[in-house]
Protein chains: 2
Amino acid sequence: MTELEKGPTGSRRGRGARERIISAAQQLFREQGINRTGMNELCAAAEVSKRTVYQHFTGKDELVAEYLRRFDPSVLSGVFDRTDLTPRERLLAAFDVPTTTPLCPYIAAAVELHDPQHPASQYARDYKKAVAARLADTAREAGAADPEQLGEQLALLIDGAAARTRVLDADAFPTAAAIAAALIDNALPAAAGHNR
Amino acid sequence: MTELEKGPTGSRRGRGARERIISAAQQLFREQGINRTGMNELCAAAEVSKRTVYQHFTGKDELVAEYLRRFDPSVLSGVFDRTDLTPRERLLAAFDVPTTTPLCPYIAAAVELHDPQHPASQYARDYKKAVAARLADTAREAGAADPEQLGEQLALLIDGAAARTRVLDADAFPTAAAIAAALIDNALPAAAGHNR
DNA sequence: CGTTAAGCACACAGGGCGGTGTACTTAACA
DNA sequence: TGTTAAGTACACCGCCCTGTGTGCTTAACG
């Protein structure tokens, strides 16, 4: 990503408190949820004084938004840029998620915050749309008849697998991948050369 | 507005407090979420004194569990028993949800509580499995080749539509229904003309 | 060096939360 | 009519939460 923006201060000074804060937020918000993670606990994990946190962020809400903004999902960045895969394989690779992943943090944030106006909720929407768009791009590249529709469908499958995995406490991504394969085969011209 | 934090409106409401509590829980937990609904607020909405609530329920956790248990999803329970529809139509009717529905409360509860051991989380799991099972039954009735698989797939689609609707604030069920139709057509013996 | 700002320690405010204690009132029914 | 169970009023507890105020330390850099 961009290593230019290091925050509002953009300073070369300091001992890196901001980064420690964000990385602690990544871990705790993800593992315990946003509402169940207190600022005191977060400060302790980041090895940062509470005062410092509130000098970098106006409040927890801003930190939450930054947490989502900085969350770099291996899915999006890792999968779509793999040139060693065919477009079709890239679409399917989006369903190969490590089982450690508890739940898409964007869904979790939208549910926990429960406020569509919250900056983090808005960012979650943007992100979901971006993923669907990238899926649509790849679908177009693969030669799908209706790439937008296929992208939206695959995005829905990913979200369904994430939600279901969370509720059932059992990996639902294989099921989603199976559906995805069927949809892709339906959408691509049958004569297309892909290994089956 | 300012008087919201008070209990009954002076005039005694008499018996039947328990039902009022549960129905207030249905509304508030669903509209605002579980964590954002305080017991004081709930008492005010139910027009019940706080003491009464804690004579009926040992704590908020038990009330939450009862809330899920009593949640009667008009959609699903109504759909599976409709004898005027063919099995295939019943499977598709599960995706005709009123847009008023904000989010499947079982997913919301699992995310908000964030504890797989919580009674409500366990019930959410049971419910999700039961829905998948009923979908599988109907799929079998419709003559699907692998009913269990189709049931699980359709259940995943429903959850995906619910989650995505919540995050994007836009109805995703039509997309899910389209996928469902494709899956069903793939799974059923092609000879059937979609009628009986 | 000295200056500057990043960071620290820590108490505390203010409020909401879930939950209780206690004494009281009333509806329902035998 | 008397008894009893259901409901009430409301102050109160302890806890944890986000967020501040204040004075101090220390690293970076000219």
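In what follows, chains are A, B, ... by sequence order, proteins preceding strands, each numbered from 1.
Legend: salt bridge (Lys or Arg N to Asp or Glu O under 4.0 Å) pairs involving residues 104-128 of chain A, not counting sequence neighbours, sorted by first then second residue: K128(A)-D159(A).
The two atoms that bring L188(B) and A142(B) nearest to each other are CD2-O, 3.7 Å, heavy atoms only. Listed here is the closest heavy atom pair of A45(B) and L28(B): CB-CD1, 3.7 Å. Taking every heavy atom of both residues into account, A177(A) and L92(A) meet most closely at O-CD2, 4.0 Å. Closest non-hydrogen pair, A172(A) versus L156(B), comes out as O-CD1, 3.6 Å. Listed here is the closest heavy atom pair of F80(A) and V131(A): CZ-O, 4.5 Å. For F57(B) against R18(B), the heavy-atom pair with the smallest separation is CE2-NH2, 3.7 Å.
Checked by atom type and distance alone, the side chain of R82(B) never pairs as donor or acceptor with a backbone atom of R90(B) at under 3.5 Å. R20(A) contributes a side-chain N or O that, together with a main-chain N or O of E47(A), makes up a donor-acceptor pair within less than 3.5 Å. Q153(B) places no side-chain N or O within 3.5 Å of a backbone atom of T175(A) that could act as its donor or acceptor partner. The main-chain N or O of Q117(B) is never found under 3.5 Å from a side-chain atom of S121(B) such that the two would form a donor-acceptor pair.
Distance CG/L42(B) to CZ/F29(B): 5.5 Å, rounded to 0.5 Å. Atoms CD1 and CD, from I34(B) and Q32(B) in turn, are 11.5 Å apart once rounded to the nearest 0.5 Å. Atoms CG and CZ, on D185(A) and R88(A) in that order, are 4.5 Å from each other to the nearest 0.5 Å.
Residues L168(A) and Y127(B) do not share a hydrophobic cluster, defined by chaining ILVMFWY side chains whose heavy atoms lie under 4.5 Å apart.
When rounded to the nearest whole Å, the span between CD of Q32(A) and P of dC17(D) equals 10 Å. At whole-Å resolution of the value, CD1 in I34(A) and P in dC17(D) are 15 Å apart. The CZ atom of R20(B) sits 11 Å away from the C1' atom of dT8(D) (whole-angstrom rounding).
Side-chain nitrogen and oxygen atoms of H56(A) include at least one within less than 4.0 Å of the OP1 or OP2 phosphate oxygen of dG7(C). Within the 4.0 Å cut-off from OP1 or OP2 of dA9(C), not a single side-chain nitrogen or oxygen of S49(A) is found.
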Protein N or O to nucleotides 11-14 of chain C N or O, pairs below 3.5 Å:
none

Listing time: all N or O pairs from protein to nucleotides 21-23 of chain D that are below 3.5 Å?
residue	atom	partner	partner atom	Å
dG21(D)	N7	R51(A)	NE	2.9
dG21(D)	N7	R51(A)	NH2	3.4
dG21(D)	O6	R51(A)	NE	3.2
dT22(D)	O4	R51(A)	NE	3.4

Listing time: all N or O pairs from protein to nucleotides 28-30 of chain C that are below 3.5 Å?
none

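A heavy-atom distance below 4.0 Å to DNA chain D is reached by these residues of residues 35-42 of chain A, ordered by number: T37(A), G38(A), M39(A), N40(A). Listed in residue order, the members of residues 57-70 of chain B having a heavy atom less than 4.0 Å from DNA chain D come to none.
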